[in-house]
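What follows is a single structure, written as structure tokens, with notes after it.
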Amino acid sequence: SDYAYNQQPSKLVLPRGYEITVEQAILALILRSANDVAVAVGERLGGSESAFAQRMTSTARRLGMTGSVFKNPSGWKDP
């Protein structure tokens, strides 16, 4: 999405609409901390960045992480 493309660095900087494999996305997240990829994966899996963040928070609760609240998939501070 345009929103994912316009994320703050660090990012992978792929052209809009470019497709990568799940493995490439995981490697980009691990090796480059690619915020654009994090948002794109969140949008794909959750339907939107905020829906994915809510899903992350729900999963954290199931794992016993009661103090964790996610607002985005990239780890950027929420204003």
Side-chain angles (χ1 to χ4, degrees):
S1 70
D2 285 340
Y3 181 71
Y5 181 82
N6 288 312
Q7 291 302 298
Q8 296 293 319
S10 161
K11 56 186 186 176
L12 206 52
V13 193
L14 296 173
R16 286 180 183 91
Y18 190 85
E19 293 185 8
I20 60 174
T21 66
V22 171
E23 181 180 7
Q24 290 169 325
I26 291 169
L27 290 173
L29 293 169
I30 293 169
L31 300 173
R32 297 280 312 262
S33 186
N35 297 321
D36 54 349
V37 175
V39 171
V41 168
E43 290 173 338
R44 177 63 85 128
L45 294 178
S48 69
E49 180 185 37
S50 61
F52 184 70
Q54 290 173 353
R55 186 173 169 186
M56 289 172 60
T57 299
S58 294
T59 299
R61 294 290 182 277
R62 284 197 312 276
L63 295 172
M65 299 167 58
T66 58
S68 297
V69 176
F70 297 92
K71 297 294 184 177
N72 59 60
S74 65
W76 277 86
K77 292 187 178 197
D78 183 57

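Throughout, residue positions are numbered sequentially from 1 according to the sequence presented. Keep in mind that the numbers below use all heavy atoms, side chains included, and drop hydrogens, waters and symmetry copies.
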Where [X] and [Y] come nearest, the two heavy atoms and their spacing:
X	Y	answer
W76	P9	CZ2-O, 3.3 Å
A38	P73	O-CG, 3.4 Å
N35	Q7	O-CG, 3.8 Å
G46	A51	O-CB, 3.2 Å

same_hphob_cluster([X], [Y]) at 4.5 Å side-chain heavy-atom cutoff:
X	Y	result
V39	Y18	no
V41	Y5	no
V69	L63	no
M56	L45	yes

Listed partners of [X] passing side chain to side chain donor-acceptor pair (under 3.5 Å), at least two apart:
X	result
S48	S50
S10	none
T66	none
S33	none

To the closest 0.5 Å, what do you measure between CD (E49) and OG (S74)? 6.5 Å

Taking atom CZ as the centre, does R61 end up with more than 12 heavy-atom neighbours from other residues, nucleotides or ligands that are less than 6.0 angstrom away? yes

side-chain contact (heavy atoms from CB on, under 4.5 Å) partners of Q24, counting only residues at least two apart: I20, T21

Set of side-chain contact (heavy atoms from CB on, under 4.5 Å) partners for D78, sequence neighbours left out: K71

Where the side chain of R32 meets the backbone of V37, is there a donor-acceptor pair that is under 3.5 Å apart? no

Is there a donor-acceptor pair closer than 3.5 Å between any side-chain N or O of D36 and the backbone N or O of L12? yes

